[in-house]
Chemist: 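Okay, here's the structure, questions in a sec.
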Amino acid sequence: MTSISTASSVPATDWMSVRITHIETIPLKVKLDRVAAGSTLKLTHRCTIVTRIHTDAGIVGECFNGNDDELQSAVRKLIHDELEPLLLGQPVCAIEDIWARTRRATEPFLRDRRVALRAQACIDSALHDAVGKLAGAPIHQLWGGAKDQVPVIALGGYYRKENDLGAGRRGRRTESLRHPRHEAQAGCAVTRR
């Protein structure tokens, strides 16, 4: 994995001069050990797109979005063919302007809006991460949040051996979440663009 800058050495007065230089997408697809099925859902893989927005200051905003195998390649294609050319050279901190620029991709009447909305989410999430790194603070603090612990709702259970509703309720409780910075490594093949 490449080394990603996590804190900024850019003075706050220069943040608006930090520009987007490159957008990288990495599709991940990991086969599940067994099929996970529900009433309307059948998962054989877990998928995501890691999006990295590189800047001229060395800051890299990154995120992962989606769990959609069917649309993954179309989302990446839209990001690189349509959105990246619009965004290169744009200020990283101009989040609302960039959101408006990427929103235009959802407007063509005959386009599958799911693709454009997912592509927009990839860009928007990675931009917010880059701004947080420029500020040297978590984005929730930049938005005015004062807590360092929050209640969490976790959805899961598709790996249970039991298939009864009671199994999911036995351990239910509210937990506090602390999010230490860590790098996860997946045992799967990735392709970079």
Chemist: To the closest 0.5 Å, what do you measure between CZ (Arg34) and CG (Leu43)?
Modeler: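 One finds 12.0 Å between CZ of Arg34 and CG of Leu43.
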
Chemist: Looking only at non-hydrogen atoms, find the nearest pair between Ser17 and Asp56 and report the distance.
Modeler: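 Nearest pair, atom of Ser17 first, then Asp56: O-OD2, 3.9 Å.
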
Chemist: By side-chain hydrogen bond (donor to acceptor under 3.5 Å, both in side chains), which residues pair with Arg19, not counting sequence neighbours?
Modeler: none

Chemist: Just jot down the side chain to side chain contact (heavy atoms under 4.5 Å, CB included) partners of Glu84, sequence neighbours excluded, or say none.
Modeler: His22, Ile23, His80, Leu88

Chemist: Does Leu28 form a side chain to side chain contact (heavy atoms under 4.5 Å, CB included) with Cys47? I'd like the steps, not just the answer.
Modeler: CA-CA 5 Å; Leu28 300 178; Cys47 302; over 6 Å; no

Chemist: Distance-only, no hydrogens or angles: does the Arg46 side chain make a donor-acceptor pair with backbone N or O of Leu32 under 3.5 Å?
Modeler: no

Chemist: Between Leu117 and Arg103, is a side chain to side chain contact (heavy atoms under 4.5 Å, CB included) present by the stated rule, with each step listed?
Modeler: CA-CA 8 Å; Leu117 290 169; Arg103 185 68 177 175; 3.1 Å; yes

Chemist: For the OG atom of Ser125 and the CZ atom of Phe64, what is their distance to the nearest 0.5 Å?
Modeler: 10.0 Å

Chemist: Quick one: does Ile26's side chain get under 4.5 Å of Ile49's, heavy atoms only?
Modeler: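 Of all side-chain heavy-atom pairs linking Ile49 with Ile26, none is under 4.5 Å.
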
Chemist: Can you name the nearest heavy-atom pair linking Arg111 to Ala116, along with the distance?
Modeler: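 Heavy-atom minimum between the residues: CD-CB, 4.0 Å.
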
Chemist: Is there a side chain to side chain contact (heavy atoms under 4.5 Å, CB included) between Gln72 and Val75 once you walk through the steps?
Modeler: CA-CA 5 Å; Gln72 194 176 59; Val75 170; 6.0 Å; no

Chemist: State, yes or no, whether a side-chain contact exists between Ile98 and Ile20 at a heavy-atom distance under 4.5 Å.
Modeler: yes

Chemist: List the residues meeting salt bridge (Lys or Arg N to Asp or Glu O under 4.0 Å) with Asp69, not counting sequence neighbours, and say none if there are none.
Modeler: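 Listed in chain order: Lys29.
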
Chemist: Hydrophobic clusters here meaning ILVMFWY residues chained together by side-chain heavy-atom distances under 4.5 Å, can you tell me if Ile79 and Leu71 are in one?
Modeler: yes

Chemist: Check salt bridge (Lys or Arg N to Asp or Glu O under 4.0 Å) between Arg101 and all other residues, then give those that pass, not counting sequence neighbours.
Modeler: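 Scan of Arg101 (salt bridge (Lys or Arg N to Asp or Glu O under 4.0 Å), adjacent residues dropped) gives Asp97.
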
Chemist: Does Glu62 pair with Lys133 as a salt bridge, N-O distance under 4.0 Å?
Modeler: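 A salt bridge is present here (some side-chain N lies under 4.0 Å from a carboxylate O).
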
Chemist: Between Val50 and Cys63, is there a side-chain heavy-atom distance shorter than 4.5 Å?
Modeler: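 They are not in contact (no side-chain heavy atoms under 4.5 Å apart), so the answer is no.
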
Chemist: Just list the side-chain donor-acceptor pairs under 3.5 Å for residues 134-144, sequence neighbours left out, or say none.
Modeler:
unit_1	atom_1	unit_2	atom_2	d
His140	NE2	Lys147	O	3.2

Chemist: Is any side-chain heavy atom of Thr102 closer than 4.5 Å to one of Leu87?
Modeler: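 Yes, at least one pair of side-chain atoms sits under 4.5 Å.
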
Chemist: Taking only residues two or more places apart in sequence or in another chain, which ones pass side-chain hydrogen bond (donor to acceptor under 3.5 Å, both in side chains) with Arg113?
Modeler: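 side-chain hydrogen bond (donor to acceptor under 3.5 Å, both in side chains) check on Arg113 returns nothing, list empty.
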
Chemist: Apply salt bridge (Lys or Arg N to Asp or Glu O under 4.0 Å) to Glu70 and list each qualifying residue two or more places apart in sequence or on a separate chain.
Modeler: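 So Glu70 forms a salt bridge (Lys or Arg N to Asp or Glu O under 4.0 Å) with Arg114.
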
Chemist: Can you list every salt bridge (Lys or Arg N to Asp or Glu O under 4.0 Å) pair that touches residues 116-126, not counting sequence neighbours?
Modeler: Asp68-Arg118

Chemist: Using the ring pair (Phe, Tyr, Trp, His ring centres under 6.0 Å) rule, collect all pairs that involve residues 83-103, keeping only residues at least two apart or in two chains.
Modeler: none

Chemist: For Thr51, give me all partners under side-chain hydrogen bond (donor to acceptor under 3.5 Å, both in side chains), at least two apart in sequence or on another chain.
Modeler: none

Chemist: Could you point out which residue of Ile53, Leu86, Ile95, Asn65 forms a side-chain contact (heavy atoms from CB on, under 4.5 Å) with Ile123?
Modeler: Ile53

Chemist: Within a strict 4.5 Å, meaning less than it, do heavy atoms of the Val35 and Lys42 side chains meet?
Modeler: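 Result yes, sub-4.5 Å side-chain heavy-atom pair found.
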
Chemist: I'd like to check the side chain to side chain contact (heavy atoms under 4.5 Å, CB included) partners of Thr55; sequence neighbours left out, ordered by chain and number.
Modeler: Val18, Ala57, Ile59, Val92

Chemist: Should we say atom CD of Glu96 is surrounded by more than 12 heavy atoms from elsewhere, each under 6.0 Å from it?
Modeler: no

Chemist: If you group Ile, Leu, Val, Met, Phe, Trp and Tyr whenever their side-chain heavy atoms sit less than 4.5 Å apart, what else falls in with Phe109?
Modeler: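 Traced through the cluster, Phe109 reaches Leu110.
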
Chemist: Report yes if the side chains of His128 and Val131 come closer than 4.5 Å at any heavy-atom pair, otherwise no.
Modeler: no

